[in-house]
Amino acid sequence: MSTDTEAPELYRQIPRAEWARLAAGMAQPLTETEVVQIRGLGDRLDLAEVRDVYLPLSRLLSLYATATKRLGADTAHFLQDDDSTTPFVVGVAGSVAVGKSTIARLLRELMSRWSDTPRVELVTTDGFLYPNAELERRGLMDRKGFPESYDRRALVDFLIDIKSGAAEARAPFYSHMRYDIVPDARVTVRRPDVLIVEGLNVLQPPPTPNDVAVSDLFDFSIYVDADAAHIERWYVDRFLALRHGAFSNPNSFFKVFADISDDEAVARALRFWNEINLPNLEENVLPTRHRATLVLRKGPDHAVEHVQLRKL
């Protein structure tokens with residue numbers, strides 16, 4: 001599997017040390033306790049990683065959001081129309097277990113600390129998975145997370161509401177404990193400054209040329225990248241950690257895995273990885289990497305080694 005971003009001439013590659021220097025003079029807004037609360041299972045996020053990588057990224061995103069808002073206001077003025085600036089939308093894509101959920105939560109916290117983007121919301125595409133009953137009906141339960149397991153039209157309609165300036169937009173709510181959509185539960189978004197949309201397949205091209213791609217409605221997109229061998233190890237480690245946490249809850253969909261041996265758990269995790277998550281990564285997720293505005297390339301310890309930023 002290729003580890004270099006396709007069409008490298010489209011990107012400026014910035015080594016970690018050079019990227020970290022961009023944070024000079026920026027105050028660290030988060031405490032160690034806050035970082036621990038944001039960090040996902042298996043992630044090794046710490047204050048140094050926040051300072052070196054994500055603080056300058058949050059500032060860059062804030063600058064993009066401010067510039068986009070200014071352009072919207074200038075365009076409205078040119079058209080002699082009311083200023084109808086809508087939320088700046090950031091997409092975060094990448095494999096299962098690569099740490100994109102942690103990054104999305106972290107960026108929500110960091111961006112909200114900048115004065116020009118105080119209201120930041122986060123929505124994950126898990127809420128747009130078809131309910132388990134529908135996946136069963138379609139024979140897709142073993143392909144949960146593949147593009148066809150999502151209600152893509154509902155996600156596009158949600159984002160169109162956001163970008164059209166609707167007073168509020170509602171997304172379905174997904175429970176990781178139940179491993180299913182919760183009926184009648186909704187996530188409500190009310191015109192934030194920034195909306196972060198995190199998910200496996202958010203950079204997928206449209207299914208037909210006449211369709212709107214989810215990423216057509218993004219103002220900026222991030223792909224979280226790493227070698228598949230590293231992600232496999234992170235996935236197995238996370239599965240083992242969940243056995244002693246969420247899986248042990250009697251209401252958990254995965255409670256059947258709580259009492260199996262370590263060897264059985266590793267074997268089961270590797271089966272899930274090799275039969276579902278790795279094929280999805282290779283067939284659907286990784287091929288969208290070149291569509292991102294920015295790529296975060298992680299090393300074996302989850303630390304970002306370099307950043308690739310698309311040239312303007």
Side-chain angles (χ1 to χ4, degrees), residues 38-43 89-108 120-138 140-162 169-189 192 194-204 213-215 217-218 221-224 231 234-235 238-239 241-242 245-247 249 251-255 257 269 272-273 276-281 283-285 288:
I38 292 168
R39 187 168 59 209
L41 272 177
D43 284 343
V89 180
V90 179
V92 180
S95 172
V96 165
V98 80
K100 63 185 181 300
S101 297
T102 294
I103 290 170
R105 291 192 299 270
L106 177 59
L107 289 176
R108 177 182 58 188
V120 184
E121 297 284 353
L122 170 61
V123 169
T124 73
T125 59
D126 291 341
F128 294 93
L129 284 160
Y130 287 114
N132 286 353
E134 180 63 16
L135 292 174
E136 292 278 10
R137 189 185 71 80
R138 298 185 182 210
L140 293 175
M141 273 301 286
D142 289 337
R143 291 181 67 82
K144 201 168 189 177
F146 282 70
E148 62 268 29
S149 65
Y150 293 88
D151 187 345
R152 196 194 72 87
R153 184 70 252 174
L155 176 55
V156 167
D157 287 345
F158 169 78
L159 289 173
I160 287 174
D161 284 346
I162 293 290
R170 295 187 175 188
F173 177 76
Y174 183 83
S175 167
H176 287 274
M177 188 69 67
R178 294 189 190 181
Y179 196 57
D180 202 357
I181 300 295
V182 178
D184 302 322
R186 293 291 183 271
V187 176
T188 303
V189 177
V194 178
L195 174 67
I196 299 171
V197 181
E198 176 260 309
L200 288 166
N201 299 297
V202 294
L203 296 180
Q204 281 280 312
V214 171
S215 59
L217 299 162
F218 293 162
S221 54
I222 298 166
Y223 186 92
V224 187
I231 306 174
W234 300 338
Y235 178 81
R238 188 178 72 175
F239 189 91
L242 284 169
F247 290 1
N249 187 309
N251 296 317
S252 171
F253 179 88
F254 294 101
K255 60 182 179 294
F257 302 131
F272 288 152
W273 173 256
I276 300 174
N277 295 299
L278 180 59
N280 195 22
L281 171 61
E283 296 167 19
N284 301 303
V285 182
T288 69

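Only this structure's heavy atoms are used, side chains among them; waters, hydrogens and symmetry mates stay out.
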Enquirer: Under a 4.5 Å cut-off applied to non-hydrogen side-chain atoms, are Trp234 and Asp43 in contact?
Expert: no

Enquirer: Phe158: what forms a ring-ring contact (aromatic ring centres under 6.0 Å, His included) with it, not counting sequence neighbours?
Expert: Phe128

Enquirer: Within the 4.5 Å heavy-atom criterion, are Val123 and Val189 side-chain neighbours or not?
Expert: yes

Enquirer: Could you give me the CA-CA distance, side-chain angles and deciding distance for Arg238 and Val96, then say whether side-chain contact (heavy atoms from CB on, under 4.5 Å) is met?
Expert: CA-CA 11 Å; Arg238 188 178 72 175; Val96 165; 3.4 Å; yes

Enquirer: Kindly compute the distance separating CD1 (Ile181) from CD (Glu134), expressed to the nearest 0.5 Å.
Expert: 11.5 Å

Enquirer: Hey, are the side chains of Val92 and Val202 touching, using non-hydrogen atoms and a 4.5 Å cut-off?
Expert: no

Enquirer: To check you understand the geometry: which heavy-atom pair defines the closest contact between Arg108 and Glu121, and what is its length?
Expert: CD-C, 4.5 Å

Enquirer: If you count heavy atoms of other groups shown closer than 6.0 angstrom to CG of Asp157, is the number above 12?
Expert: yes

Enquirer: As an exercise, state the distance from CZ of Arg170 to CG of Asp161, rounded to the nearest 0.5 Å.
Expert: 11.5 Å

Enquirer: Any chance you could measure Arg137, atom CZ, to Asn132, atom CG, to the nearest 0.5 Å?
Expert: 14.0 Å

Enquirer: What heavy-atom pair brings Thr125 and Gly199 nearest, and what distance separates the two atoms?
Expert: OG1-CA, 3.2 Å

Enquirer: Once you round to the nearest 0.5 Å, how far does CD1 of Ile160 lie from CG of Leu155?
Expert: 10.0 Å

Enquirer: According to ring-ring contact (aromatic ring centres under 6.0 Å, His included), who are the partners of Phe146, at least two apart in sequence or on a separate chain?
Expert: none

Enquirer: Could you work out, with ring-ring contact (aromatic ring centres under 6.0 Å, His included) as the rule, every residue matching Tyr174, not counting sequence neighbours?
Expert: His176

Enquirer: Please report the interatomic distance CD(Glu136) to OH(Tyr130), rounded to the nearest 0.5 Å.
Expert: 15.5 Å

Enquirer: About how many Å separate OG1 of Thr124 and CZ of Phe173, when rounded to the nearest 0.5 Å?
Expert: 8.5 Å

Enquirer: Which heavy atom of Tyr235 sits nearest to which heavy atom of Phe272, and what is that distance?
Expert: OH-CB, 3.3 Å

Enquirer: Heavy-atom distance under 4.5 Å between the side chains of Met177 and Val182, does that happen here?
Expert: no

Enquirer: Can Leu217 and Ile162 be said to form a side-chain contact (heavy atoms from CB on, under 4.5 Å), step by step?
Expert: CA-CA 9 Å; Leu217 299 162; Ile162 293 290; over 6 Å; no

Enquirer: Quick check: does any side chain N or O of Lys144 sit under 3.5 Å from a backbone N or O of Tyr179, one acting as donor and the other as acceptor?
Expert: yes

Enquirer: Quick one: do Leu135 and Ser149 satisfy side-chain contact (heavy atoms from CB on, under 4.5 Å)? Show the steps, please.
Expert: CA-CA 7 Å; Leu135 292 174; Ser149 65; 3.8 Å; yes

Enquirer: Spell out, as yes or no, whether a donor-acceptor pair under 3.5 Å connects the side chain of Ser95 to the backbone of Leu281.
Expert: no

Enquirer: Any side-chain heavy atom of Leu195 within less than 4.5 Å of one from Leu159?
Expert: yes

Enquirer: Please report the shortest heavy-atom distance between Gly94 and Leu200, naming the atom on each side.
Expert: O-CD2, 3.3 Å

Enquirer: Determine the minimum heavy-atom distance between Asn280 and Pro147, stating which atoms define it.
Expert: OD1-CD, 3.9 Å

Enquirer: Contact between Ile222 and Val90 at the side-chain level, heavy atoms closer than 4.5 Å - yes or no?
Expert: yes

Enquirer: Is it true that a side-chain atom of Gln204 and a backbone atom of Asn284 form a donor plus acceptor pair closer than 3.5 Å?
Expert: yes

Enquirer: Give me the atom names and distance for the closest heavy-atom approach of Gly145 to Leu129.
Expert: N-CD2, 4.0 Å

